[in-house]
Every structure is written in C-alpha cells, then in structure tokens.
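A quick write-up on the structure given underneath.
Keep in mind that this is a model prediction, so the values were computed, not measured.
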Amino acid sequence: MSAVPRSEKSVGRFRRMLDRLSSSQEDLESEELREDAETTGCTKIGDCHDRQVVTVTGTLRTVTLRPRAGVPALEAELFDGSAALDVVWLGRRSIVGIEPGRRLIASGRIAMSRGRRVLFNPKYELRPLGRE
C-alpha cells in the first residue's frame, strides 16, 4: 500500500488523462517515440554528437531520391521525438520497405552537416508495422 491518500492518486490520474486529451497528435506521437527509443536501448537522436557511433530508432517522416555528386542517393528523415536525423543510402534509388511512416532501427557513425545529424549507409532493421 502506498502512503499517498486515494484522493491525491485520483487527481494525478485525472490530470494525466486530461493532459493526454489536450495534447496535440504530434506531442503524443513524440512521447511514444521517445518511450520506444528508451525501451529498445537506443540513443536519442537529440543526444547524438558528431562522429559518435550510435544505434537510433524512430519513424521515417520523408523519403526522397536526390543526386549527390552524380550518384543517386536515397534520403530519409528519421524522427524519434527528440530530434530529426537524415539517413542517406548512397548509390540506392529505392529500398523495399523504406517509406514514410515506417519505423526502423539504424546503426552507424553520426556526421554533422550544416547543423543537422546525418547517417550515411547505416546498418538498419525495419520494425514491424502497427503495434508490436
């Protein structure tokens, strides 16, 4: 049994429920992604530094094909609730399963480019669609 009176517990639960209902969809998704990163043991993107070897997880927000120095490059923005990270696969036009809304785990060395975090040709693992 806890030492907190029942009425204070109820107010706490009610307050949390009300906060969740009044939060925007993006806030709720960000909270869920941060919790997911914590439970999988991955580094939060917001905590990544230049030249650090990391494993990160999140949801792909955008996926685009851009040439880089005459070589095709598949670029995706990975978001984990704390910050965004650009993931670049040089020499690839497409990868099966790499699409907006898909969750993945990526590992590699962080590079900083104009203040943005970038992972080039990372090892990656696609996460199952929907709830796990």
How far apart are the closest heavy atoms of [X] and [Y], and which atoms are they?
X: Glu75; Y: Arg66; answer: OE1-NH1, 2.9 Å
X: Arg117; Y: Ala83; answer: NH1-CB, 4.0 Å
X: Asp50; Y: Ala111; answer: OD1-CA, 3.5 Å

Within a strict 4.5 Å, meaning less than it, do heavy atoms of the [X] and [Y] side chains meet?
X: Asp47; Y: Ser82; value: no
X: Phe79; Y: Thr59; value: no
X: Thr57; Y: Arg103; value: no
X: Ile105; Y: Thr55; value: yes

What's in the same ILVMFWY side-chain cluster as [X], cut-off under 4.5 Å, chained through other members?
X: Val71; result: none
X: Val56; result: Ile45, Val54, Leu60, Val63, Leu74, Leu78, Leu85, Val87, Trp89, Ile95, Ile98, Leu104, Ile110, Met112, Leu119, Tyr124, Leu126
X: Val96; result: none
X: Val53; result: none

Name all pairs fulfilling the salt bridge (Lys or Arg N to Asp or Glu O under 4.0 Å) condition that reach into residues 106-116, sequence neighbours left out, sorted by first residue then second.
Glu77-Arg116, Asp86-Arg116

Any residue meeting salt bridge (charged side-chain N to carboxylate O under 4.0 Å, His left out) with Arg93, in chain and number order, not counting sequence neighbours:
none

For the hydrophobic clusters of this structure (ILVMFWY residues joined by side-chain heavy atoms under 4.5 Å, transitively), does one cluster hold both Val118 and Leu90?
yes

